[in-house]
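Structure, as structure tokens:
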Amino acid sequence: MSAKPPDGLTVPDDGFWPAPRIPQPNIYPMQWRVETAKLAAIYEKSKRTVWNPAELPWDDLRADDFTARQRLGIMYWFAVLANFDASGPAVFARATIQAFEQHEEDPVRKCFFSITRDEMNHEECCQRAIARMWPGGPLDWTPRTDLERAAHNNIGWLYYNGGRYWQGYNGAVRKYPLAVLFTSFMMGEMAASTLFRGMSSGTRHPVFREMFHRIGRDESRHLQICMTILEKEWPGLSEDVKGQITRQLRAGFVFLSMILWEPPEGFWDLPPYFLANHRVLMDHARDAGLGILSHEEQAENWRLAMARVRAIVERWGIEFPAIPELDIDGIDVDVIDPEDIIPVF
Ligand SMILES: [Fe+2]
Ligand SMILES: [Fe+2]
């Protein structure tokens with residue numbers, strides 16, 4: 001007979017019963033494993049550099065300072081940006097849940113969360129800029145002119161495609177290993193940091209300059225997070241995974257070109273007039289001083305970003321896809337399906 005347990009404890013005679021196994025994938029059991037100190041440091045930095053989009057001097061962004069066409073153009077550009085930046089919170093929230101379920105080390109989960117947090121700020125910038133320029137935008141307004149009807153219709157098509165991406169992503173996020181997911185994210189962040197760097201120096205409006213500068217800084221940090229995770233994931237990849245990454249890089253180009261440049265063939269399901277109207281609307285946004293680069297400058301910028309991605313992945317023996325649209329040679333990748341597309345901003 002054992003002695004009486006202290007403090008009201010119950011100690012079973014036949015020993016403690018082991019808790020049942022937790023079915024996986026599952027966010028339990030909780031643990032805080034740290035393998036990559038650098039990621040933990042980036043997370044700390046992200047907390048210190050948080051900013052509040054509500055505190056940008058929005059009153060200085062006056063609708064009266066623009067013509068109706070310029071306002072429509074600016075709204076249209078932010079509606080296009082929102083296809084990427086406003087999906088960010090949901091995309092990374094899901095990736096955060098996935099990281100918990102896969103029991104990734106704690107700094108990975110926390111960095112995903114910080115990207116989710118930042119993307120919500122970028123999403124808020126889209127929301128606020130659109131509200132200042134075009135109340136009811138992007139879609140909850142009634143167009144009255146042909147230009148307005150074209151804008152409204154294009155945005156509808158854009159979000160239809162965004163919806164296809166979201167459905168694909170939901171399937172993809174569980175399907176792909178971290179190395180594949182993160183190479184795609186890395187490409188998105190490379191695209192985003194390139195875009196906002198170009199626009200913050202190109203815009204003529206101080207509110208946009210401040211906004212693009214801050215968003216660009218966040219995107220550079222996201223890129224750093226992706227690179228740090230990938231440096232861990234890339235060594236020892238199988239040929240099969242490398243092939244998936246090559247395919248993902250092409251998917252990333254096709255998807256991101258909508259905001260970086262112009263939508264290529266291969267994923268976007270758009271009516272035949274979309275591109276012509278897109279160009280007209282982008283020109284009005286350009287004319288408003290938003291900071292959109294010229295078509296040629298955009299192509300050059302995009303080419304440069306792709307060259308950076310290429311240099312990074314080739315170090316790890318991952319082949320780069322052919323991008324004939326930008327005269328980049330490489331491996332031919334056939335049709336891109338919505339499930340292939342992962343990149344976000
Ligand atoms: Fe980002
Ligand atoms: Fe973003």
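The figures here come from the full heavy-atom set of this structure, side chains too, leaving out hydrogens, waters and symmetry mates.
- Pro138 has its side chain within reach of Tyr159: a pair of non-hydrogen atoms, C-beta onward, lies under 4.5 Å apart.
- Remark: Arg217 does not engage Asp118 in a salt bridge, criterion side-chain N to carboxylate O under 4.0 Å.
- Side chain of Arg164 to main chain of Phe267: a donor-acceptor pair is present (N/O by atom type, distance under 3.5 Å, no hydrogens or angles).
- Arg128 has its side chain out of reach of Met211: every pair of non-hydrogen atoms, C-beta onward, lies at least 4.5 Å apart.
- Rounding to the nearest 0.5 Å places CE of Met186 at 13.0 Å from CG of Leu181.
- Note that CG of Asp218 is 3.5 Å distant from NE2 of His122, once rounded to the nearest 0.5 Å.
- Considering only heavy atoms from C-beta on, Arg247 stays 4.5 Å or farther from Arg250 through its side chain.
- The closest side-chain heavy-atom distance from Phe253 to Leu249 is not below 4.5 Å.
- The backbone N or O of Gly289 sits less than 3.5 Å from a side-chain atom of Thr203, completing a donor-acceptor pair.
- Taking the ring-ring contact (aromatic ring centres under 6.0 Å, His included) definition, one finds that His213 meets it with nothing, sequence neighbours left out.
- For the residue pair His222/Glu219, the side-chain donor-acceptor check at 3.5 Å is satisfied.
- Residues Glu148 and Trp134 meet the side-chain proximity criterion, which asks for heavy atoms closer than 4.5 Å.
- Side chains of Gln248 and Ser184: a donor-acceptor N/O pair is present below 3.5 angstrom, by distance only.
- Under the 4.5 Å side-chain heavy-atom criterion for ILVMFWY residues, a single connected hydrophobic cluster contains both Trp316 and Leu178.
- In Glu233, the CD atom is crowded: over 12 heavy atoms of neighbouring residues, nucleotides or ligands sit closer than 6.0 Å.
- Counting only distance, with no hydrogens or angles, the side chain of Glu119 and the backbone of Phe92 share no donor-acceptor pair below 3.5 Å.
- Looking only at atom types and distance, the side chain of Trp302 has a donor-acceptor partner in the side chain of Ser257 under 3.5 Å away.
- Of the possible polar contacts, one joining the Asn121 side chain to the Trp51 backbone as a donor-acceptor pair under 3.5 Å is found.
- Partners of Phe182 under the ring-ring contact (aromatic ring centres under 6.0 Å, His included) rule, at least two apart in sequence or in another chain, are Phe112, Phe185.
- At least one test fails for Arg132 against the ring of Phe66: distance under 6.0 Å to the centre or angle within 45° of the axis.
- For Phe208 and Phe78, the ring centers sit closer than 6.0 Å to each other.
- Rounded to the nearest 0.5 Å, atoms CZ (Arg117) and OG1 (Thr96) are 12.5 Å apart.
- Using a cutoff of 4.0 Å between basic side-chain nitrogens and carboxylate oxygens, Glu101 and Arg174 are scored as salt-bridged.
- Under the 4.5 Å side-chain criterion, counting only non-hydrogen atoms from C-beta, Pro271 is in contact with Trp157.
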Could you list the donor-acceptor pairs under 3.5 angstrom formed by side chains in residues 52-60, with sequence neighbours left out?
unit_1, atom_1, unit_2, atom_2, d
Asn52, OD1, Ala54, N, 2.9
Trp58, NE1, Pro53, O, 2.7

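- Hydrophobic cluster membership for Phe100: Ile22, Ile27, Tyr28, Met30, Trp32 (Ile, Leu, Val, Met, Phe, Trp, Tyr linked by side-chain heavy atoms under 4.5 Å, directly or transitively).
- Judged by distance alone, the side chain of Arg286 and the main-chain N or O of Leu293 form a donor-acceptor pair under 3.5 Å.
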Show every donor-acceptor pair shorter than 3.5 Å between a side-chain atom in residues 273-281 and any protein atom, with sequence neighbours excluded, or say none if there are none.
unit_1, atom_1, unit_2, atom_2, d
Tyr273, OH, Asn153, OD1, 2.6
His278, ND1, Tyr76, OH, 2.8
Arg279, NE, Glu262, OE1, 3.4
Arg279, NE, Glu262, OE2, 2.7
Arg279, NH2, Glu262, OE1, 2.8

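- Legend: residues meeting side-chain hydrogen bond (donor to acceptor under 3.5 Å, both in side chains) with Glu44, ordered by chain and number and at least two apart, are Lys47.
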